[in-house]
4 protein chains.
Amino acid sequence: MKVAFVGLGSMGLPIAKNLVAAGHALTVYNRTEARAEPLVALGAKAAASPAAAAQRVDALVTMVSDDAALEAVLGGDEGALAALPRGAVHAAMSTISPALARRLAVEHQAAGVGYVAAPVFGRPDAAAAKKLWTVVAGRGADIERCRPLFDAVGQGVLVVGEEPAQANVVKIAGNFLLAAAIEALGEAFALVRKHGIAPQRFLEIVNGHVLRSPIYENYGKIIAESRWEPAGFTLANGLKDTRLALRTAEEVSVPMPLASLIHDHYVSAVARGWEGIDWAALARVCAADAGL
Amino acid sequence: MKVAFVGLGSMGLPIAKNLVAAGHALTVYNRTEARAEPLVALGAKAAASPAAAAQRVDALVTMVSDDAALEAVLGGDEGALAALPRGAVHAAMSTISPALARRLAVEHQAAGVGYVAAPVFGRPDAAAAKKLWTVVAGRGADIERCRPLFDAVGQGVLVVGEEPAQANVVKIAGNFLLAAAIEALGEAFALVRKHGIAPQRFLEIVNGHVLRSPIYENYGKIIAESRWEPAGFTLANGLKDTRLALRTAEEVSVPMPLASLIHDHYVSAVARGWEGIDWAALARVCAADAGL
Amino acid sequence: MKVAFVGLGSMGLPIAKNLVAAGHALTVYNRTEARAEPLVALGAKAAASPAAAAQRVDALVTMVSDDAALEAVLGGDEGALAALPRGAVHAAMSTISPALARRLAVEHQAAGVGYVAAPVFGRPDAAAAKKLWTVVAGRGADIERCRPLFDAVGQGVLVVGEEPAQANVVKIAGNFLLAAAIEALGEAFALVRKHGIAPQRFLEIVNGHVLRSPIYENYGKIIAESRWEPAGFTLANGLKDTRLALRTAEEVSVPMPLASLIHDHYVSAVARGWEGIDWAALARVCAADAGL
Amino acid sequence: MKVAFVGLGSMGLPIAKNLVAAGHALTVYNRTEARAEPLVALGAKAAASPAAAAQRVDALVTMVSDDAALEAVLGGDEGALAALPRGAVHAAMSTISPALARRLAVEHQAAGVGYVAAPVFGRPDAAAAKKLWTVVAGRGADIERCRPLFDAVGQGVLVVGEEPAQANVVKIAGNFLLAAAIEALGEAFALVRKHGIAPQRFLEIVNGHVLRSPIYENYGKIIAESRWEPAGFTLANGLKDTRLALRTAEEVSVPMPLASLIHDHYVSAVARGWEGIDWAALARVCAADAGL
């Protein structure tokens, strides 16, 4: 397929590489131009603006940092939406608010362009290994058109429903579960450490035989080893996603006190200067508050 | 082995049955006598007091509800500790405070009796199926003497160290991780439900492909189906264990705000009359607070 | 002075009446036109748009509900800012975000118009009785020009500094202290009630002799009597201001766990359908969670 | 009156001095004997045990640190209760649990001794200045017998009811309101400071004109000046009283999330080594968590 790809961050870059590797013809755009070089080396074209990238493609794929970034990519004269041909489809892979997804669905329909919300679960190493899970929502025909793209970048497509925003809700609620697991590990590790028990041994026992989750395994090890860098997903992004969870919840009047607690710990982590390290450093706040 | 077994509740009864089935000679005691009948039918003897049960045995196994119950079983003239022969060993399987475990370790040593802390992970159905995991701590020789008993009731023995209280810390911290997972699921489900997404589908996506934990699977289903009864582990017990986590943490000056949040939700659940249903009903508080 | 007044809600209306009573020449605008009638009856003129109201005045006073409302009043072709004469001054009395205040300060300066942030403490009855306290920040000369207006509507002017946003920070932090007092009363009342003590008697003892605050007195009585209506300040506004506190705090990386707790209780109150009653009903959530 | 006085800590000592100054004949006991010297210099007698102090007195006054200390004073062979003459009365001024108060009321009645719960509001300087407020509950006749004592040490007696435990509930709920005010000030100060506003100015505005409470004034100044020493009431005692609030609430199934938050902050303060400074240092945790 002819594909415009916008957003070559730590997730976007490996995804775009996999699309090229699968034989798709990519035109890429990134705010920081140099990030496009490795893709150009693989045969992709680089465009000077989102609009330039979006001309005459079958599909647009975006993987940018937040609501504001996606609006900037799509809107205005240099924006991609106006440049997309009627009949094209846009797969929006960023973790954005359901509210923006709802608005974009309407705007795309008015422009005769399909809109599929397609956020992914997985960190940069999973993206590189084609091990992402893509959570998608949108009209069936739009999803089918994007399927070759999703197949090229992950191990599976998980369809939520016809309303794009719902994929974003699932992604946001899912990320909240991950952050909650990190917070819980952070508090539990502080408890066992101050009772003289190695967190690694605690993890072996409780995750090894009871929880049995690769997520607890992965984050448990990062925390036990204080391996905060390099960040697979930055703490600043963790704060952003927690804020998103709280706003998505407030929109439908759902109190989420655990999300609030995580939010407050992330804010404290930023106050301590930790915004650039891995979001697992939520547990570092738990340790510091315990005098560790 | 000749074994005294005290505490035939929903966990103790299936464990005692498995000990009898493995060929151990049990003398059992339970405050409510009638609970002993099924075991007597299997060949166990019933005793009129903990002290009567403990005479001339190789080992004492206790599985009672809390600190106070264990102290009542062991102490005083009718108590089991004074009645145990020198050289016997006591495997204490209850979830009790590390503080009590420390005191008991000293008292048992003074009485010439071994003391092994041996709390278990698993609900009554796992106990019946010999699928428990036994977390143990104590002197190596004492643990070895108990091993035939542990082998008869579970799928494995996980040794923490030589200090009995540490097994209790691990059990308490582990139960906290489970309650934290339930709280997180409760909040996430409220969020997705009010956005029109079936919690079952959310669970399939996020646990099926990301968390991949049998614990999230099990509790997620209970919550999604509001299957609060019969209780595998009562909400009142969940509150008790959360209180235990907070006190065990306070003892070493570790703040656990997530444990506090869970505690407050459990207290609210009790105020609503839910103390007898499954502790997964923590999620019912989340739903009710969201107007569901 | 010739004054344009925009926003005739439960606070704006009595303030505008006091300005008229003090001899100022008011041109008023309100989205719902009928709200202007009592002022027209007192001699004010009604305008068809914020821009129409703002022409040829010495000062603009705004008292609208939130950031979006104030932006709508000021911006665009029908907006008040473009219509204000150079040299006029704008006293913005709404509780808005410091971020908006900062932007407005710049825009007003560019338009040659003074900008004074002037949020008030006090409920509608205090506004009617000229008992408001006006917290102001801005350039000294701008404040002085507004002083006759402030003197006409309250019992005093409290100057924070030269940067308008700071008055908004003080107002937001102040409102947080009030909400915190309500939450604390709500929890304390639930505690004493379930121990058989009348909250009124508790209030007499603790506020009568220890705290000695008219705020605790006022809200304590409202809560003790469940007098949620009529709302002096709605719960929906309480939620809005708590959200404002959290965002204002996040902007400078300050965790406010108590604000988060209040936020979550307000969200739960809205989920229960209580958004239109007095914000003191935060305490009603505390009572409900305790099974009262 | 002939009075036995037990507990000469920072509150007990000035109270005992005022009783001597009012002409009462005191026999005092304190675990650390040297604390009795200033009273002996004023004419009091020192006793070697609580029991020795309690012989042949009209009243016993106790002001000790917690439940365990009061039980140690009263119980056993060296205990004061067995030594008190029938017809004497015991005014228990410590902040203890309602559960203990209930048990003591029964035990005193069995011993023919009156029991009046009489916790006080006020810090050591207020005790020295006879400015305490005494919250009392018990049988009317018992209260009347103690009244000359209460009149000698405070500015007023506030009667809650006939059941002693209720005075303890009021004291515990009252202390919770004070800690809540400190937490709120701590968060508000962190917010305004990071926005460049002096906390003193914020306090002048909001407490000076809105809250108008001497408690906010006093603690606000302590916090604004980081004047954590000397401690009027130690942080360790603040933690103890918050724990008491949570247990008193749990007893009647009242969730108190704000008390939990305060508890967790106090635990963190102890982890940082701050247990000996003033309990207003709760606000220091807020500041530290904000990177201040």
Side-chain angles (χ1 to χ4, degrees), chain C residues 98 121-122 133 135 155-156 158 160-161 163 165-166 169-170 172-174 176-178 180-181 183-185 187-192 194-197 201-202 204-216 245 248-249 251-259 261 265 286 289-292, chain D residues 98 121-122 133 135 155-156 158 160-161 163 165-166 169-170 172-174 176-178 180-181 183-185 187-192 194-197 201-202 204-216 245 248-249 251-259 261 265 286 289-292:
Chain C
F121 282 108
W133 287 99
V135 179
Q155 57 183 313
L158 308 162
V160 183
E163 202 194 310
Q166 294 192 320
V169 172
V170 166
I172 287 165
F176 160 71
L177 285 187
L178 303 186
E183 172 71 28
L185 283 168
E187 296 190 14
F189 279 14
L191 174 61
V192 302
K194 288 192 85 168
H195 275 284
I197 298 160
R201 180 62 185 140
F202 171 71
E204 273 168 26
I205 291 174
V206 176
N207 192 52
H209 300 92
V210 184
L211 282 158
R212 303 217 311 269
S213 161
I215 292 290
Y216 280 78
T248 303
E251 205 189 329
V252 289
S253 298
V254 172
M256 293 183 76
L258 175 43
L261 191 168
H265 275 184
C286 299
D289 284 352
L292 288 167
Chain D
F121 282 108
W133 287 99
V135 180
Q155 59 183 311
L158 307 163
V160 183
E163 203 193 310
Q166 295 193 321
V169 172
V170 166
I172 288 165
F176 159 71
L177 285 187
L178 302 187
E183 171 70 30
L185 283 169
E187 296 189 13
F189 279 14
L191 174 62
V192 303
K194 287 192 87 168
H195 276 282
I197 299 160
R201 181 61 185 140
F202 171 70
E204 273 169 27
I205 291 174
V206 177
N207 192 52
H209 300 91
V210 184
L211 281 159
R212 303 217 313 270
S213 162
I215 291 291
Y216 280 78
T248 303
E251 204 190 329
V252 291
S253 297
V254 172
M256 293 185 75
L258 175 44
L261 191 168
H265 275 183
C286 299
D289 284 352
L292 288 167

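Being a predicted model, the structure only gives us computed values, none of them experimental. Proteins get letters first, then strands, A, B, ... in listed order; numbering begins at 1 in each.
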Residue among [options] with most heavy-atom pairs under 4.5 Å to chain D:
options: Ser213(C), Gly208(C), Ala165(C), Pro257(C); value: Pro257(C)
options: Gly122(C), Ala249(C), Pro255(C), Ala259(C); value: Pro255(C)
options: Val192(C), Val206(C), Leu185(C), Leu177(C); value: Leu177(C)
options: Ala190(C), Ala181(C), Pro214(C); value: Pro214(C)

Review point. With sequence neighbours left out, what residues match Gln155(C) under side-chain hydrogen bond (donor to acceptor under 3.5 Å, both in side chains)?
Key: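 Not a single residue meets the side-chain hydrogen bond (donor to acceptor under 3.5 Å, both in side chains) criterion with Gln155(C).
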Residue [X] versus chain D: region with a heavy atom under 4.5 Å:
X: Leu261(C); value: side chain
X: Val254(C); value: both
X: Tyr216(C); value: side chain
X: Val170(C); value: both
X: Glu251(C); value: side chain
X: Leu292(C); value: neither

Practice item. With sequence neighbours left out, write down each residue that passes side chain to side chain contact (heavy atoms under 4.5 Å, CB included) with Ala245(D), or none if nothing qualifies. Key: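 Once residues adjacent in sequence are excluded, the partners of Ala245(D) under the side chain to side chain contact (heavy atoms under 4.5 Å, CB included) criterion are Ile172(D).
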Point to revise | Residue among Gly161(D), Pro98(D), Ala180(D), Gly174(D) with most heavy-atom pairs under 4.5 Å to chain C | key: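 The residue among Gly161(D), Pro98(D), Ala180(D), Gly174(D) with the greatest pair count is Gly174(D).
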Point to revise | Sidechain-backbone polar pair: His195(C) side chain, Thr248(D) backbone, donor-acceptor under 3.5 Å | key: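 Yes.
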Exercise for review: List the steps, then state whether side-chain contact (heavy atoms from CB on, under 4.5 Å) holds for Ile205(D) with Trp133(C).
Suggested key: CA-CA 9 Å; Ile205(D) 291 174; Trp133(C) 287 99; over 6 Å; no
Exercise for review: Give the minimum heavy-atom separation between Leu178(D) and Val210(C), together with the two atoms involved.
Suggested key: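 It is CD2-CG1, 4.1 Å.
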Check your understanding: Do the side chains of Phe202(C) and Val169(D) get nearer than 4.5 Å, heavy atoms only?
Key ->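 The answer is no, as the side chains (C-beta and beyond) never meet within the 4.5 Å cut-off.
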Would you compute the distance between atom [atom1] of [X] and atom [atom2] of [Y] and round it to the nearest 0.5 angstrom?
X: Leu191(D); Y: Met256(C); atom1: CG; atom2: CE; result: 5.0 Å
X: Ile197(D); Y: Glu163(C); atom1: CD1; atom2: CD; result: 8.5 Å
X: Glu187(D); Y: Leu258(C); atom1: CD; atom2: CG; result: 5.0 Å

Review point. Is it the backbone or the side chain of Val252(D) that comes under 4.5 Å from a heavy atom of chain C, or both, or neither?
Key: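 It is both, since atoms from each part get that close.
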**Study point:** Region of Arg212(D) that comes under 4.5 Å of a non-hydrogen atom in chain C
**Key:**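 Both parts, backbone and side chain.
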